[in-house]
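Below is one structure, written out as structure tokens; comments come after it.
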Amino acid sequence: MSEEKSLNFIEQIIEEDIANGTHGGRVLTRFPPEPNGYLHIGHAKSICLNFGLALKYNGQTNLRFDDTNPITEDTEYVDSIKQDIQWLGFNWANEFYASDYFEQLYTFACKLIEQGYAYVDDSTSEEIAAMKGTPTEPGKESPYRNRSAAENLDLFTQMREGKFKDGEKVLRAKVDMSAPNMHMRDPIIYRIRHAHHHRTGDTWCIYPMYDFAHGQSDSIEQITHSVCTLEFIPHRPLYDWFIEKLNIFPSHQYEFARLNMTYAIMSKRKLLQLVNENHVTGWDDPRMPTISGLRRRGYTPDSIRQFCEKIGVAKRDNLIDISLLEFCIREELNKTANRVMAVLDPIKLVLANYPDGQVEEMQVENNPEDTTAGSRTVPFSNTLYIEREDFMENPPKKFFRLGVGLAVRLKSAYIVKCDSFEKDADGNVTTVYATYLPESKSGTDNSGLTVKGTIHWVSAQHAATAEVRLYDRLFKVEDVGNAEGDFKDHINPESLTVIQHAYVEPSLLEAKEGTRLQFMRKGYFCVDKDSKPGRPVFNRTVTLKDTWAKESKR
RNA sequence: UGUCCUAUAGUAUAAAGGUAGUACAUCUGAUUUUGGUUCAGACUGUCUAGGUUCGAAUCCUGGUAGGACAACCA
């Protein structure tokens with residue numbers, strides 16, 4: 001039973017409504033994106049909330065595109081939004097568009113005019129803004145406010161017929177110019193826009209504003225719980241006012257706090273800027289907080305849903321630690337991703353006493369967390385690549401890796417003891433020499449030796465070359481939204497490191513796009529779409545937790 | 001000098017007048033053929049002042065702090 005789990009405030013409202021028989025216990029939510037950009041993790045929160053509510057209370061969710069502003073919207077966005085919702089694992093009951101309701105909304109507007117609740121205003125936008133007053137001073141009534149219903153109807157008809165240019169006239173609701181709530185000071189509900197709409201084409205040259213489209217669309221669809229973010233709270237009295245004056249289905253609006261995340265931005269406008277100014281490669285750049293970016297980065301739908309579950313829903317402003325998102329993907333991938341060996345920054349390890357030309361196929365388990373994952377073989381020889389950071393010329397105490405005189409286990413192979421090393425002219429270590437203990441072979445070890453460290457490796461002659469893209473957080477500061485100056489000043493110049501020549505075990509040559517793997521001791525990676533035959537490209541989804549890195553920094 | 005929203009560990013989120021709990025983060029220790037995982041433990045909190053009540057994180061009042069609102073955007 002779900003009684004154990006606590007309810008968020010919206011669930012509490014819904015359970016009360018169900019208990020009271022409101023709408024006969026029916027629950028119908030909606031997810032209403034404007035198709036003017038790609039969905040991001042903040043939208044995922046809203047999607048999980050709206051669809052989750054319906055799932056939990058035996059209801060349904062409509063997908064409704066809020067496409068009332070033709071100049072910013074495009075079908076490219078419509079398509080990506082649909083793909084992202086489905087990828088997250090949700091199904092909408094109906095696919096609607098606010099533009100489906102243009103005729104109905106026009107009728108609603110005429111009804112308002114007839115009732116004396118709306119009028120055509122010839123003022124310029126500057127004049128309207130000036131008459132609006134300020135939050136602390138009341139506004140002034142427009143000189144056009146008292147036109148007759150007949151005149152307004154005639155003018156509004158002419159607006160629709162295209163008799164006026166953009167900006168010449170608007171239709172305003174007649175509410176109260178001295179209301180303390182700015183949104184009630186005769187809000188504009190229709191504007192003239194001679195623009196091509198991605199769905200209605202050139203049928204219309206007047207378009208309803210958000211306030212005269214959203215609530216009405218909710219009502220037309222008989223949405224029971226219209227859930228949106230906090231910034232719409234001041235709109236709610238207007239939302240209710242229109243429903244009352246129009247006498248239509250009483251949908252209700254509820255507001256929750258939008259998601260903010262450390263080291264990230266959620267503003268569509270700013271994300272667009274990153275794309276347009278090439279700070280990233282596109283909306284699906286793996287550094288982007290977009291659904292498509294996270295997908296390409298290697299995040300799973302499950303991990304994102306888990307994240308949305310864990311962050312909760314409330315009304316207070318928040319800044320979620322991105323490490324929670326990382327926790328969610330690690331938690332899943334730990335159970336599901338096969339372990340493989342990849343050397344990102346290679347140096348050679350030569351085993352002096354291992355016969356030249358001999359090759360052994362070492363048995364390696366695919367996932368210690370999943371016994372059903374099986375095992376594979378990895379070729380082993382006397383010349384291997386190991387990670388540069390796994391050798392130190394002057395190892396400190398508690399360094400459980402290689403240094404002259406130190407021994408480690410090569411994962412799933414032998415224990416080796418380091419004898420010497422070579423450096424190039426620049427002083428960089430190039431080759432490490434070691435001897436192996438034949439009786440320490442993994443699985444049949446009777447050497448009696450134990451070593452503290454185990455390192456990964458690949459056989460030099462068998463290794464495949466791969467490109468590896470290491471992603472880090474896109475911004476250097478925690479709270480990008482509230483940081484001083486332009487947000488672009490805080491972009492992390494090291495958010496992407498490309499390794500052209502990483503060595504990976506040969507089995508990875510056939511890895512298919514989207515495959516998620518753990519590079520042992522390095523992190524979780526996935527196969528990028530840029531992969532070519534013979535040259536796979538891997539994206540780092542997230543590093544492993546690394547307590548040694550913390551320790552060694554001290 | 002308006003209206004509205006909000007205030008619980010570092011970050012989030014529970015506790016619907018009755019033991020302040022959970023997760024992430026951080027720190028210990030154990031286990032480990034991944035310095036991963038797992039396990040055990042530690043850490044730290046009700047903005048403030050009053051009031052109501054046997055009893056207040058919760059209800060009321062005042063204060064303080066943060067946020068939203070003045071696009072022909074959504």
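Proteins come first, then strands; the chains are lettered A, B, ... in the order of their sequence lines, and each starts at number 1.
Looking only at distances, no side-chain donor or acceptor of Glu221(A) sits under 3.5 Å from a matching main-chain atom of Asp218(A).
Mapping Val313(A) and Ser412(A) onto RNA chain B by nearest heavy atom places Val313(A) at the nucleotide closer to the 5' end.
Scanning all heavy atoms of the two residues, the minimum distance from Thr541(A) to Gly298(A) falls at OG1-CA, 3.5 Å. Of all heavy-atom pairs spanning Thr157(A) and Tyr106(A), the tightest one is CA-OH, 3.6 Å.
The interatomic distance linking Ile415(A) (CD1) with U34(B) (P) rounds to 12 Å, in whole Å. The interatomic distance linking Asn260(A) (CG) with U6(B) (C1') rounds to 14 Å, in whole Å.
Among U11(B), U13(B), G36(B), the nucleotide with an atom closest to any side-chain atom of Leu319(A) is U11(B). In this structure, the nucleotide among U34(B), A7(B), G36(B) sitting nearest to the side chain of Arg316(A) is A7(B). Among the nucleotides A14(B), A25(B), U34(B), the one closest to the side chain of Phe327(A) is A25(B). Residue Phe400(A) places its side chain closer to G35(B) than to any other of C4(B), G36(B), G35(B). In this structure, of G35(B), C4(B), C24(B), it is C24(B) that holds the atom nearest to the side chain of Ser323(A).
Nucleotides U34(B) and U38(B) have their P atoms positioned 14 Å apart, rounded to a whole Å. Rounded to whole Å, the separation between the P atoms of U28(B) and A20(B) comes to 30 Å.
At A14(B), none of the side-chain N or O atoms of Gln12(A) fall inside 4.0 Å of OP1 or OP2 (strictly under the cut-off). In this model, the phosphate group of C27(B) is approached by a side-chain N or O of Lys550(A) to a distance below 4.0 Å at OP1 or OP2.
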Ring pair (Phe, Tyr, Trp, His ring centres under 6.0 Å) for His214(A) and Tyr239(A)? Distances and angles first, verdict last. CA-CA 8 Å; His214(A) 200 102; Tyr239(A) 183 107; 7.2 Å; no
Start with the C-alpha distance between Phe307(A) and Tyr299(A), add both sets of side-chain angles, then the distance that settles ring pair (Phe, Tyr, Trp, His ring centres under 6.0 Å), and finish with yes or no. CA-CA 11 Å; Phe307(A) 172 72; Tyr299(A) 275 83; 8.8 Å; no
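Under the Watson-Crick or G-U wobble criterion, with both distances below 3.5 Å, U13(B) is paired with G21(B).
A ring-centre distance under 6.0 Å is not found for Phe538(A) and Phe525(A).
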Take nucleotides 64-74 of chain B nucleotide by nucleotide from the 5' end and write B, S or -, depending on whether a protein heavy atom sits under 4.0 Å from the base, only from the sugar-phosphate, or from neither. ---SSSB-BSB
